[in-house]
Amino acid sequence: MVDLKRLQNSFEEVSKSLRKKGIKEELLKELRRLFGVLKEQRAKLESLQAEKNEKSRLFPVYKKEGKDVSSLKDELDKIKEKINFEQKIVNDLESELEIYALNIPNIPDESVPEGKDENDNVEIKRVLDIPQFDFTPKEHWELAEDLEWIDFKRGVKLAKSRFSVLKNGAAKLERALINYMLDFNAKRGFNEVCVPYIVNKESMLGTGQLPKFADDLFKIEGEELYLIPTAEVPLTNLFRDEILCEDELPLLLTSYTACFRKEAGSAGRDTRGIIRQHQFDKVELVSIAKPEQSDEVFEKMVECASDLLTSLGLPHRLVELCGGDLGFGAARTIDLEVWLPGQGKYREISSVSNTRDFQARRAKIRYKEGKKNRLVHTLNGSSLAVGRTLIAIMENYQQKDGSIKIPEVLKKYL
RNA sequence: CGGGAGAUGUCAGAGCGGUUGAAUGUGCCGGUCUUGAAAACCGGUGAGGGUAACACCUCCGGGGGUUCGAAUCCCCCUCUCCCGGCCA
């Protein structure tokens, strides 16, 4: 959630930053206006409440003195009527403001490049050379079919399109990758946790999936429960409504979960293979940090994911997202894109974001600094998307005879 | 899913319908004492909003109601614990 006080006090700055994400100034002006009106109305209401409290306290005094309380009662009735009236105004304003505020994305960092979409993202660096083949490398679905590693048809039979079944080497490799990634992250200081794949509405609000992106979520029928689209949701919400100790920060967490996404807006995209599935495995990193720690933690997370790819021998590049391509909750994001020889392209395999205090404000995650409570910074990143890593290994390690070589570091996991 | 009990500050645990945002203990912070520590004693210590700072407002699981006034009474929901059933 945007900091409404900041919006009020430094409107130009906030408005300018949010323009990077394509937010119109009129919307922010309306938000600021509403906030101003709400403050006024609240002040009005509160002074009436103060009056009510004060008068109510007179009752015991009157009774003791044997005085008649009926005129006092009448007065209070009038005040109460006014309070009810003002209360309704305040309530209406609050819910109106909430709808606006919860739908405003996070303010991008100063350093975020201008741009409309992914074409304006800025490549930071490339790691490892692209492999050369003395044959034409295949795409992962061709390899998968030849090797009987992935059963696309039966995945669809079991559920619907964009579901698949991993078999043989793929099933084993998937599991090996999960274990390898978790161990790798643990060595970097991230504590492994195992969390629910189903969370409630409050959690989804806390990390920003709701209310805006309800269409992307699988909801449990008849319940206010949702399948998680990423472990970021349960991991970050572990600390919702909590006040953490300063000296336990930063908290570094890693978790493997399945992730579920409706992919509502991506009809026709990546329909072949398992690049874009409704259910996929991911190992996630989440950090809860003090504001002054968050840049350092961010670098650590990017490095962790990048080194993980390197350790698997997978060529990749780091890309800084431009304003227009930034996610709703992110102040800054670096994507890691892995080289897929079959496609001849770099494809996203990880995304590391610093949400600053955006999620913390929604989810009320604070820490105690001396006597004061301050909002933490929350960060999240994949390390890595397991299915896409599987694809990357298949395509990068494919041999002329159609077999797949196994990266050295994974051998002990198989 | 059925029966019973409960939900209060870090935790434990009081709370008559009226200065109770909340006794007491504990934890934590500060002080006295001490060579230092412990013990003892004194003081401070919930959250959110508001203010230059006060004042002031809201919050005792969540929502509604009764009342001039509710942590305290009534209704609904959620959650926790115990007993039984079912089950990985």
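Convention: sequence-line order gives letters A, B, ...; per-chain numbering from 1. As the structure is a prediction and not an experimental result, all values here were calculated from the model.
- Of the residues near RNA chain B, A:Glu54 and A:Leu72, the one whose nearest nucleotide (by heavy atom distance) lies more toward the 5' end is A:Glu54.
- For B:rG69, the OP1/OP2 oxygens have a side-chain nitrogen or oxygen of A:Lys80 closer than 4.0 Å.
- If you measure from atom CG of A:Leu76 to atom P of B:rG18, you get 17 Å, rounded to the nearest angstrom.
- Partners of A:Trp339 by ring pair (Phe, Tyr, Trp, His ring centres under 6.0 Å), not counting sequence neighbours, listed by chain and number: A:Tyr346.
- For the pair A:Thr378 (side chain) and A:Ala360 (backbone), a donor-acceptor distance under 3.5 Å is absent.
- The stretch residues 356-369 of chain A touches RNA chain B through A:Arg366, A:Lys368, each having a heavy atom within less than 4.0 Å of the strand.
- Residue pairs satisfying the side chain to side chain donor-acceptor pair (under 3.5 Å) criterion with at least one member in residues 208-223 of chain A, sequence neighbours excluded, are listed as follows: A:Thr207-A:Gln209.
- Taking the side chain of A:Pro60 as heavy atoms from C-beta on, and the options B:rG18, B:rC56, B:rG50, the nearest nucleotide is B:rG18.
- Among residues at least two apart or in separate chains, ring pair (Phe, Tyr, Trp, His ring centres under 6.0 Å) pairs with a member in residues 153-179 of chain A are A:Phe163-A:His278.
- Between the C1' atoms of B:rU24 and B:rG31, the separation comes to 23 Å (whole Å).
- Applying the side chain to side chain donor-acceptor pair (under 3.5 Å) test to pairs two or more places apart or on separate chains, those with a residue in residues 157-175 of chain A are A:Ser164-A:Gln277.
- Per the geometry, CG belonging to A:Asp241 stands 16 Å off C1' belonging to B:rG9, to the nearest Å.
- As judged by a 4.0 angstrom heavy-atom cut-off over every strand, A:Lys372 is placed among residues making no nucleic acid contact.
- Under the Watson-Crick and G-U wobble criteria, each requiring two contacts below 3.5 Å, nucleotide B:rA70 is left unpaired.
- For B:rA37, there is no paired nucleotide, since no Watson-Crick or G-U wobble pair has both relevant distances below 3.5 Å.
- Between A:Glu248 atom CD and B:rU10 atom C1' there is a gap of 13 Å when expressed in whole angstrom units.
- Taking atom C1' in both B:rC75 and B:rG27, the straight-line distance is 38 Å, to the nearest Å.
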Between the protein and nucleotides 28-30 of chain B, which nitrogen or oxygen pairs come in under 3.5 angstrom?
none

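- In this structure the side chain of A:Leu235 never reaches within 4.5 angstrom of the side chain of A:Asn380, judged on heavy atoms.
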Polar-atom pairs under 3.5 Å, protein N or O versus N or O of nucleotides 58-65 of chain B: list them with distances, or write none.
none

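- Rounded to whole angstrom, the span from the CD1 atom of A:Ile243 across to the P atom of B:rU10 amounts to 7 Å.
- Nearest to the side-chain atoms of A:Asp77 among the listed nucleotides B:rC68, B:rC56, B:rG50 stands B:rC68.
- Straight-line distance from the CG atom of A:Leu58 to the P atom of B:rU67: 20 Å, rounded to whole Å.
- A distance of about 23 Å separates the P atoms of B:rG63 and B:rC68, rounded to the whole Å.
- Side chains of A:Leu173 and A:Ile393 form a contact here, defined as non-hydrogen atoms less than 4.5 Å apart.
- By the salt bridge (charged side-chain N to carboxylate O under 4.0 Å, His left out) test, A:Arg272 is found to be paired with no residue, residues two or more places apart in sequence or in another chain being considered.
- If you measure from atom CD of A:Glu202 to atom C1' of B:rU78, you get 10 Å, rounded to the nearest angstrom.
- The gap from the C1' atom of B:rG46 to that of B:rA40 amounts to 28 Å, rounded to the nearest Å.
- Using atom C1' as the reference point in both B:rA22 and B:rG15, the two lie 8 Å apart (nearest Å).
- Of the candidate nucleotides B:rG69, B:rA47, B:rC57, B:rC57 has the atom lying nearest to any side-chain atom of A:Ala50.
- Rounded to an integer number of Å, the gap from CD of A:Gln8 to C1' of B:rU51 is 14 Å.
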Would you be so kind as to tabulate the donor-acceptor pairs closer than 3.5 Å made by side chains of residues 307-316 of chain A, with sequence neighbours excluded?
| unit_1 | atom_1 | unit_2 | atom_2 | d |
| --- | --- | --- | --- | --- |
| A:Asp307 | OD2 | A:Arg188 | NH1 | 3.0 |
| A:Asp307 | OD2 | A:Arg188 | NH2 | 2.9 |
| A:Thr310 | OG1 | A:Ser306 | O | 2.9 |
| A:Ser311 | OG | A:Tyr180 | OH | 2.5 |
| A:Ser311 | OG | A:Leu308 | O | 2.7 |
| A:His316 | ND1 | A:Leu314 | O | 2.8 |
| A:His316 | NE2 | A:Ser306 | O | 3.4 |
| A:His316 | NE2 | A:Ser306 | OG | 2.8 |

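- Listed by chain and number, the residues in a salt bridge (charged side-chain N to carboxylate O under 4.0 Å, His left out) with A:Glu246 are A:Lys290 (sequence neighbours excluded).
- Side-chain N/O atoms of A:Lys44 include none lying less than 4.0 angstrom from OP1 or OP2 on B:rC57.
- Side-chain atoms of A:Asn373 lie closest to B:rA47 of the nucleotides B:rG50, B:rC68, B:rA47.
- When both distances must be under 3.5 Å, the Watson-Crick or G-U wobble mate of B:rA5 is B:rU80.
- As rounded to the nearest Å, B:rU45 and B:rU10 have C1' atoms that lie 11 Å from one another.
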Donor-acceptor pairs under 3.5 angstrom involving side-chain atoms of residues 247-260 of chain A: please list them, not counting sequence neighbours.
| unit_1 | atom_1 | unit_2 | atom_2 | d |
| --- | --- | --- | --- | --- |
| A:Glu248 | OE2 | A:Cys245 | N | 2.7 |
| A:Thr254 | OG1 | A:Asn185 | ND2 | 3.1 |
| A:Thr254 | OG1 | A:Glu284 | O | 3.0 |
| A:Ser255 | OG | A:Val193 | O | 2.8 |
| A:Tyr256 | OH | A:Asp281 | OD1 | 2.7 |

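- At the heavy-atom level, A:Leu45 lies nowhere under 4.0 Å from the strands shown.
- Distance check on atom P: B:rG9 versus B:rC77 gives 24 Å, rounded to whole Å.
- Annotation: B:rA71 and B:rU20 have their C1' atoms spaced 9 Å apart (nearest Å).
- Projected onto RNA chain B by closest heavy-atom contact, A:Lys55 and A:Lys39 fall at different nucleotides, the more 5' of which corresponds to A:Lys39.
- Rounded to whole angstrom, the span from the CG atom of A:Leu225 across to the C1' atom of B:rC79 amounts to 13 Å.
- Side-chain contact of A:Asn200 with A:Ser203: a donor-acceptor pair under 3.5 Å is present, judged by distance alone.
- Residue-environment remark: CD (A:Glu110) stays at or below the threshold of 12 foreign heavy atoms within 6.0 Å.
- In this structure, B:rU45 and B:rG27 make a Watson-Crick or G-U wobble pair, each of the two defining distances being under 3.5 angstrom.
- For A:Asp325, there are no salt bridge (charged side-chain N to carboxylate O under 4.0 Å, His left out) partners at least two apart in sequence or on another chain.
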